[in-house]
Amino acid sequence: MTAAVSNFKIHLSDLFAQALRAVAPEQTATIVLERPKQAQHGDYACNLAMQLAKPLRRSPRDIAQALMAALPASDVVEKVEIAGAGFINVFLTVAAKQGVVRGVLQAGADYGRIALGAGKKVQVEFVSANPTGPLHVGHGRGAAYGASLSNVLDAAGYKVSREFYVNDAGRQMDILALSTWLRYLDLHAIAVPFPPNAYQGDYVRDMAKQISLAHRARYVHTAAEVLQGVPAVEENADAHLDALIANAKKLLGEDYAYVHQHVLTEQLGDCRNDLAEFGVHFDEWFSEQSLFDNGLVARVVEALKAGGHLYQQDGALWFRSTEFGDEKDRVVQRENGLYTYFASDIAYHLNKFERGFDRVINVWGADHHGYIPRVNGALKALGLDSSKLTIALVQFAVLYRNGQKAAMSTRSGEFVTLRDLRHEVGNDATRFFYVLRKSDQHLDFDMDLAKSQSNENPVYYIQYAHARVCSVLQQWSGDSSALRQADVSALQSDYEQTLLQHLIDYPQVIEGAAEELAPHLIAFYLKDLAADFHSYYNASRFLVEDEGIKRARLALIAAVAQVMRNGLALLGVSAPEKM
RNA sequence: GUGCCCGUAGCUCAAUCGGAUAGAGCACCAGCCUUCUAAGCUGGGGGUUACAGGUUCGAUUCCUGUCGGGCACGCCA
């Protein structure tokens, strides 16, 4: 079992460990305490007796009986029962559970922060979209997941660095630069057919207009020059594009770098603004080009060569990734002398490891899963500890509009952008919807549902609960900070017990979400907490005559609101005081 | 064809790294507002967990096979 965080869990584990030593000193079973689904099974259940049944050759209930007798007394334990096949169910005293209210109110925004990470440095790299156009809804999920995951890890006590890998070195950027230039030529009445595999979006025309406005006819060349030696599109679309790029570089000379830089800066800036509006921020924007500029790509290839992991074939340089479990070997340097994306990616990962992170997490689209073995292989070949690297795969979000799949293709220009989605659905609902599924599950994002009726959005359900608490506290108009010292011994009802236990669970939810890299657990927890609060709200009154009861209940719901704020903050969702 | 992921209520999804009677929302039916927000609550019907075996005290969970769906299999990035 991993390090327990809850005081109750640690305490009870310790008690059971003592009982185990007394009953069966030679046994070393792990002590598992879980929260039963049903309240009648107590607050915590231990299956130790069933684990021991086989090695001890005794019936589970006998062993449970012995363990129970050997269990040291504790002032937080109300009673212990044996149930079912041999479960040992522990019931905590009400007083012990009530203590959580004060704990939450005193810790405030820090309630739920745990020491699991022990200050270890972890890097989370996510989004890392090619800066060749607006982010689309698929990127949005990676952004929401990566940002929420980073927040969760931060709350779990890790020192988190959020990073965006900028693919500014590849062919795609050249295609974007070319696309922009061709649109620019079009503005200057130079008739060159626009290739079908170039970037079609309107944003390309916009950039062309900017350049034209700023530099007039400086980059104009004749159609004959542009098309000189270019093979027909119908023959080979890729060769057609590459030849156009080559001509662009030749004709523009040093100006090509300007166009290239301009479109990169524009798109990256747009991407950064888009993400910032979405509440997604990065500590580092890491340039792929820098890996070439400082020679790290060349160095890493040399290192692999020196280690005997490379070989020459068909004029290209191959990495023997099959030795590390990959399906086939991979090219790191092409016949034309250019390094592959894989080569710069190895260099990038080496760089990550050299920066001294204890753990590196890559958030990738699930379509990249075939890429994992070669990256791990390369790390091993370089003598690095590949277990420090975790790839978190995020399945694509499929957008549905009018009950039909919305086509998404960056080049065709017929896609729905993340920005469109945010504006139509709202940032809160968008962030929440994205992390409402396990990340490796397909996500059907039904826009019509998300934007049509706000009351169908689960995020409003949680926010509404928070707003209700705020409303009650406002009408009470007392000193909220005084609730920290409130006597909460009046909290005895089933509704109140349920809420207390929920609040106690919160740090463990953080722990689980951090360990499993699963921020969706926070979303589900908050839905459950909100549901229990709404039931409580409908069944109880808070602003009652009895001062003691009133203060106890207000303290409880103030604690509930605090945990909601904390949880929603991790997901990047606001907690409005009024709705 | 090979590899990875997935298959749970009519729909969208849960189920505490093997636990007790598989749970929510939506939809459907019936109720609850002259007192703190009805974007809420209460109750009801809904299941051979795709299928067939196996492992053990115990399987939605682990293993094998079949069927069905998604993704990936470039000297692209």
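A quick note: this is a predicted structure, and the numbers were derived from the prediction, not measured.
- A close approach under 4.0 Å does not occur between any side-chain nitrogen or oxygen of A:Y525 and OP1 or OP2 of B:A15.
- Within the 4.0 angstrom heavy-atom criterion, only backbone atoms of the sugar-phosphate kind lie near A:K438; the bases stay farther away.
- With hydrogens and angles disregarded, a donor-acceptor distance shorter than 3.5 Å links the side chain of A:S321 to the backbone of A:K328.
- Regarding contacts with the backbone of B:C76, a side-chain N or O of A:R334 is found under 4.0 angstrom from either OP1 or OP2.
- Ring-to-base geometry does not place A:H442 in a stacked arrangement with B:G70 (centre distance under 5.5 Å, plane angle under 30° required).
- A:A83 comes within contact range of at least one nucleobase, with a heavy-atom separation under 4.0 Å.
- Across all strands, A:A53 comes closer than 4.0 Å to no nucleic acid atom at all (heavy-atom distances).
- Rounding to whole angstrom units, CG of residue A:D532 and P of B:G25 are separated by 11 Å.
- Look at OH on A:Y460: it is 21 Å from C1' on B:C41, rounded to the nearest Å.
- Between A:F542 atom CZ and B:U35 atom C1' there is a gap of 14 Å when expressed in whole angstrom units.
- Using N1 to N3 plus N6-O4 or O6-N4 for Watson-Crick, or N1-O2 and O6-N3 for G-U wobble, each under 3.5 Å, B:G46 pairs with nothing.
- Rounded to the nearest Å, the gap between the P atom of B:U66 and that of B:A14 is 27 Å.
- Proximity note for A:H520 (side chain, C-beta onward) versus B:G70, B:A15, B:A77: the nearest is B:A15.
- Taking atom C1' in both B:A50 and B:G68, the straight-line distance is 8 Å, to the nearest Å.
- Going from the C1' atom of B:G74 to that of B:A27 covers 47 Å, rounded to whole Å.
- Nearest nucleotide to the A:Q172 side chain, out of B:A77, B:C41, B:C75: B:A77.
- Counting only heavy atoms from C-beta on, A:R171 has its side chain closest to B:C76 among B:C76, B:C41, B:A39.
- For the pair A:K37 and B:A14, the criterion of a side-chain N or O lying under 4.0 Å from OP1 or OP2 is not met.
- Rounded to whole Å, the separation between the P atoms of B:U60 and B:C26 comes to 28 Å.
- Here, B:G23 and B:G43 have their P atoms 14 Å apart, quoted to the whole Å.
- Taking 4.0 angstrom as the limit, A:Q475 places a side-chain polar atom (N or O) nearer than this to OP1 or OP2 of B:U37.
- In this structure B:C36 sits in no base pair that meets the Watson-Crick or G-U test at under 3.5 Å.
- The interatomic distance linking A:Q441 (CD) with B:G70 (P) rounds to 15 Å, in whole Å.
- The phosphate of B:C57 (OP1 or OP2) has no side-chain N or O of A:Q51 nearer than 4.0 angstrom.
- No engagement by A:A539 is indicated, since no non-hydrogen atom pair under 4.0 Å with the nucleic acid exists.
- Contact check, A:Y464 against B:A39: a side-chain N or O comes under 4.0 Å of OP1 or OP2.
- Taking atom C1' on both nucleotides, B:G47 is separated from B:C13 by 15 Å, rounded to a whole Å.
- Nearest-nucleotide mapping onto RNA chain B: of A:F342 and A:D367, the residue sitting toward the 5' end is A:D367.
- In this entry B:G65 has B:C51 as its Watson-Crick or G-U wobble partner, both defining distances falling under 3.5 Å.
- A salt bridge does not link A:E163 with A:K352: every distance from a Lys NZ or Arg NE/NH1/NH2 to an Asp or Glu carboxylate oxygen is 4.0 Å or more.
- Under the 90° criterion around 0 for the glycosidic angle, B:C4 counts as anti.
- One atom, CD1 of A:I462, and another, P of B:G25, lie 13 Å apart when rounded to the nearest Å.
- Atoms CD1 (A:I88) and P (B:G19) sit 17 Å apart, rounded to a whole Å.
- Ring geometry, A:W364 versus A:H368: the interplanar angle falls from 30° to 60°, so the pair is classed tilted.
- Minimum atom distance to the side chain of A:Y537 is reached by B:A38, of the listed B:C73, B:A38, B:A77.
- Between B:A39, B:G74, B:C57, one nucleotide has an atom nearer to the side chain of A:D238 than all others, and that is B:G74.
- Looking at A:R330 and A:D345, no side-chain N of the basic residue comes within less than 4.0 Å of a carboxylate O on the acidic one, giving no salt bridge.
- Picking from B:C36, B:C41, B:U12 the nucleotide with the shortest atom distance to the side chain of A:R437 gives B:U12.
- For A:R468 and A:F533, the positive end is not near the middle of the six-membered ring at less than 6.0 Å and at most 45° from its axis.
- With both pairing distances under 3.5 Å, B:G23 is matched to B:C13 as a Watson-Crick or G-U wobble pair.
- Tested against A:S344, the residues A:Q289, A:H349, A:E288 include a single side-chain contact (heavy atoms from CB on, under 4.5 Å) partner, A:E288.
- For A:N89 against B:A20, a side-chain N or O and a base N or O form a donor-acceptor pair under 3.5 Å.
- Relative to the side chain of A:Q38, the nucleotides B:C75, B:A14, B:U21 differ in distance, and B:U21 lies closest.
- Contact of A:H369 with B:G3 (side chain to base): a donor-acceptor pair of N or O atoms is detected under 3.5 Å.
- Remark: the separation of the P atoms in B:U48 and B:C11 is 13 Å, to the nearest Å.
- Nucleic acid contact class of A:D440 (heavy atoms, under 4.0 Å, all strands): sugar-phosphate only.
- Side-chain atoms of A:N538 lie closest to B:C41 of the nucleotides B:A77, B:G19, B:C41.
- When each of A:N336 and A:A366 is assigned the nucleotide of RNA chain B with its nearest heavy atom, A:A366 is the one assigned upstream, toward the 5' end.
- Distances shorter than 4.0 Å separate none of the side-chain N or O atoms of A:T340 from OP1 or OP2 on B:C76.
- Annotation: B:C29 and B:A15 have their P atoms spaced 31 Å apart (nearest Å).
- Among the heavy atoms of the strands lying under 4.0 Å from A:G170 are primed sugar atoms or P, OP1, OP2 only; no base atom is included.
- Residues A:L393 and A:I372 are in side-chain contact: their nearest non-hydrogen atoms beyond the backbone lie under 4.5 Å apart.
- Side chain of A:R437 to backbone of A:H442: no donor-acceptor contact under 3.5 angstrom is found.
- In this structure, CG of A:D505 is placed 9 Å from C1' of B:U16, rounded to the nearest angstrom.
- B:G18 makes up no base pair with any nucleotide shown, lacking Watson-Crick or G-U wobble contacts both under 3.5 Å.
- One finds a salt bridge joining A:D43 and A:K97 here, because a Lys/Arg side-chain nitrogen approaches an Asp/Glu carboxylate oxygen to under 4.0 Å.
- Side-chain proximity of A:Y461 to the nucleotides B:C36, B:G40, B:U37 is greatest for B:G40.
- An aromatic stacking contact between A:F87 and the base of B:G19 is absent, as defined here by ring centres under 5.5 Å apart and ring planes under 30° from parallel.
- In this structure, the nucleotide among B:C5, B:A15, B:C57 sitting nearest to the side chain of A:L521 is B:A15.
- One finds a side-chain N or O of A:K328 lying less than 4.0 angstrom from the OP1 or OP2 phosphate oxygen of B:C75.
- Note on ring orientation: taking the six-membered ring where Trp is involved, the planes of A:F324 and A:F319 are parallel (angle under 30°, cut-offs 30° and 60°).
- Residue contacts shown for A:H41 include a base, since a base heavy atom lies under 4.0 Å away.
- Atom-to-atom, CZ of A:R374 to P of B:A77 comes out at 12 Å; the value is rounded to the nearest Å.
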